[in-house]
Trainee: 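Quick one: this structure, given as structure tokens, is what I'll be asking you about.
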Amino acid sequence: MSATRYNAPLLEGSLRFLADLDPEQREAVTHGEGPLLVVAGAGSGKTRVLTYRMAWLLATGRAQPHNLLAVTFTNKAAGEMAERVERLLGGPLARGFVGTFHRFALQLLRKYPEKVGLPPRFAIADEEEQRRLLEAVLKELGASPTQLSPRQARQAISRIKNGSAAASDPLLAAVFEGYQAKLREAQAVDFDDMLTLAVKLLSENPELRLAIRQRFTYLLVDEFQDTNPVQMELLWQLGGPSPNLTAVGDEDQSIYRFRGAELSHILRFEHTYPGARVLTLGNNYRSTKPILAAAAAVIAHNQLRRPKKLSARGGEGEPVRLFAAMDEAEEAAWVVQDLRRERAAGRSVAVLFRVNAASRAFEGELVRWGVPYRVVGALRFWDRAEVRDALAYLRLFTNPDDALAFRRVVNVPARGLGAATLDRLEQAAREWGCSLPEAARRLPASLTPRGREALRQFWGLFTELEALAAGDLGVFVLTLLERSGLADQYRGGDEEDRARLANLDQLVSAASEASGRGLSLPGFLDEVALASEADSAETGEAVLLSTLHAAKGLEFDVVYLVGLEEGLLPLTRGEELELADEEEERRLLYVGMTRAKKKLVLTYARMRRLFGESRASRPSRFLAELPREVVRDAAAQLGRDNFRAFAPSPKPAPAPSGGENGGFRPGLRVEHPTFGRGVVLQVQASGAQTRVVVFFDRAGRKTLLPQLAKLKVLEAASERP
DNA sequence: CTGCTTCACCTTTTT
DNA sequence: GGTGAAGCAG
């Protein structure tokens, strides 16, 4: 089938959509060729700009659908974006790609596995499998858990793979190597491998790279502030030095540093892509003035950002509300009473918290009052043990050499194939130089007669399933659940067992539904592996309970941001916080605050039970950053908690802009003899010395003494509050 | 080999 | 308070 063409009448008709945009948005949407960064503050319509830009590119004939490659952060965002573009155009986005970096990478790898040395049906190792492999590697290397825990190793390896760290430690290097070997042996890749291998694929195959560049002539990236170095490299492979790249992002909403995201990608965009255009969307259409003023005041304390102004187009509205609870129970009770009133008034409501564990108190309270709610970020459906067992069977069916899947389910339900049998199989696999499942198929002589028989039965199931492979996936999965005994495990049990059965039912429905969309079994498994929690965060009638992370991109009439306490937001593990970490915590708060359209409530508890035991807690340091005039009860509440005294003494306070600090103020473009050009982030007056924090295009962030550093002022920055 | 009990560790945040 | 590994009896 040929690509959809948008003919002239439709074209003219569709350009009318430009009238929906404000001048800033229109400027971004109608940008021609070359790299473009759209700095889009919270609620400034960035998704609108991205979708309208895609529509504009199509409607003006610059691109055909298959020329568009749009990358979003979640699958859900991708779905919404595609839908909105299609609605604007009244036509399908056939063969255009709209999805996550990972999905794009996986698609490439599925198409050309042999070019990067992968077996055609490689598996995707989930977190638990990663941990298992790492435990084994660490054990083999004789590393004590105090040296390097599997968890630390996983984090470190992930950072190395996504390019935000190097393997400098010898032990870590050895673990890395052992881990990769085991992954390959199991014919699996982990999440980070998808990206690194996609980069490898493109960088080592010039003809393929060229073909892809010729096909995808327009690149669009959402949430650009959360890209990590490998993703940047992938973009580079896809677009080269002067791509038609539209990057949309906001450094104030970067909340994935822990996952390797680097703020410098957005802050240094013009340097990475010389000649790039940078546009700013400065109108916030989401929140009322008090909400936005409060959020802006908080985020202004960050140094690693472009100073900018976001003006509220919304009305005055009610002040931000602050509530101090005795403990987490009172916090939940108060919030639920308040949100019941809001719901009665027909407003959408969310409760946001820093850590998943905080949702429990609210769930209890909501159940008590019969308020419908949805939890995002709790144990994901796809992560439930019974679902994973079933998926492992499916994986093994898809790839008979998937050792990780085999290991998971040979003995589920128990069929007498325990540790001893697995040891023998492993031994045999080593001797024969084949995969573990392959050894199990060859039934080595070392097996006991019972083990042999059990394995025969086990494989018999797969033979039986062959006959159904071509049919409906739902039927296939249902048969699998019955014949394997997975379902029987939970029959006639307690409430928990019934819940498990219900989950398995849901899996059957999901498979059936995927089948209806034309997905094959491998396609279904890939989709499941890439599914994220945020994907399921529908904003319906129910109250949404969500982590701050998972709430990014959503909006609600009323937002309750709870647990604003030292140690919880900012989250610390005992030790003090580095500046970069504190700033990320502040951004998290900012993201949460800017989800609110009409009403924002911030709460904290003086006593919180975390971990079984009760601990006295202090209000978050960020509360001291709220401008009192927009916060109701602030003086009373904070005064009662002697809050100012609690607030840790801040770093040298940001100097008032335009002050007497040698003529430097945030936002100024400057030049340095060694570091080159940059922008002033902050001016610190401490004693007689003035220090200037500058973010250099090439050299990154530096703190300088301008008296010594020969900093030259280039120009006044465009935005000035 | 299984299923039970006990014990340690844990907690960010997620594609 | 929850999970998962380890240890032990049948």
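A quick note: this is a predicted structure, and the numbers were derived from the prediction, not measured. Sequence lines set the chain letters: A, B, ... in the order given, protein chains first and strands last, and positions in each chain run from 1. Computed from heavy atoms alone, side chains included, the values below leave out hydrogens, waters and symmetry copies.
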Trainee: Does the ring of Phe191(A) meet both stacking tests against the six-membered base ring of dT15(B): centre distance under 5.5 Å and plane angle under 30°?
Mentor: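 Yes; centroid distance and tilt both under limits.
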Trainee: Starting from the C-alpha separation in whole Å, work towards a yes-or-no answer on ring-ring contact (aromatic ring centres under 6.0 Å, His included) for Phe269(A) and Phe224(A).
Mentor: CA-CA 10 Å; Phe269(A) 189 82; Phe224(A) 190 77; 5.5 Å; yes
Trainee: Contact class for Arg587(A) (heavy atom, under 4.0 Å): base, sugar-phosphate, or nothing?
Mentor: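 No contact.
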Trainee: Base, sugar-phosphate, or nothing: which does Arg257(A) touch, judged by heavy atoms less than 4.0 Å apart?
Mentor: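 Nothing, no heavy atom under 4.0 Å.
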Trainee: Indicate whether any N or O donor in one side chain lies under 3.5 Å from an N or O acceptor in the other, for Tyr179(A) and Asp190(A).
Mentor: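 Result is yes, a qualifying pair exists.
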Trainee: Can you measure Asp581(A) atom CG to dT12(B) atom C1' for me and round it to whole angstrom units?
Mentor: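 About 11 Å, once rounded to whole Å.
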Trainee: Taking any heavy-atom pair under 4.0 Å as a contact, classify Arg360(A): base, sugar-phosphate, or nothing.
Mentor: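 Contact class for Arg360(A): sugar-phosphate only.
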Trainee: Is Ala357(A) touching bases, backbone alone, or none of the nucleic acid, heavy atoms closer than 4.0 Å?
Mentor: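 No contact.
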Trainee: Determine whether the aromatic ring of Phe258(A) stacks with the base of dT13(B), defined as ring centroids separated by less than 5.5 Å and ring planes inclined by less than 30°.
Mentor: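 It does: the two rings, one from Phe258(A) and one from dT13(B), meet the stacking criterion.
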Trainee: Closer to the 5' end of DNA chain B via nearest nucleotide, is it Leu417(A) or Glu127(A)?
Mentor: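 Of the two residues, Leu417(A) wins.
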Trainee: Check the side chains of Gln225(A) and Asp250(A) for a donor-acceptor pair under 3.5 angstrom, ignoring hydrogens and angles.
Mentor: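 Checked: Asp250(A)/Gln225(A) side chains show no N/O donor-acceptor pair below 3.5 Å.
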Trainee: Would you indicate what Asn411(A) reaches in the nucleic acid, counting non-hydrogen atoms under 4.0 angstrom: base, sugar-phosphate, or nothing?
Mentor: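 Contact class for Asn411(A): sugar-phosphate only.
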Trainee: Less than 4.0 Å between a side-chain N and a carboxylate O, is that true for Glu565(A) and Arg608(A)?
Mentor: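 So Arg608(A) pairs with Glu565(A) through a salt bridge.
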Trainee: Regarding Arg151(A), tell me which of base, sugar-phosphate or nothing describes its non-hydrogen contacts under 4.0 Å with the strands shown.
Mentor: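 Sugar-phosphate: the residue Arg151(A), judged by heavy atoms under 4.0 Å, touches backbone atoms but no base.
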Trainee: Using a strict threshold of under 4.0 Å (side-chain N to carboxylate O), is an ion pair present between Arg621(A) and Glu582(A)?
Mentor: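 Salt bridge: yes.
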Trainee: Can you measure His549(A) atom NE2 to dT12(B) atom P for me and round it to whole angstrom units?
Mentor: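 After rounding, the gap between these two atoms is 12 Å.
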Trainee: Can you tell me the distance, in whole Å, between the CG atom of Leu554(A) and the C1' atom of dT14(B)?
Mentor: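 Rounded to the whole Å, the gap is 15 Å.
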Trainee: Output yes when at least one side-chain N/O atom of Asn356(A) is less than 4.0 Å from OP1 or OP2 of dT11(B), else no.
Mentor: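 So the side-chain polar atoms of Asn356(A) never come under 4.0 Å of the phosphate oxygens OP1 or OP2 of dT11(B).
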Trainee: At 4.0 Å (heavy atoms only), tell me whether Phe101(A) reaches a base, stays on the sugar-phosphate, or touches nothing.
Mentor: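 Result for Phe101(A) = nothing.
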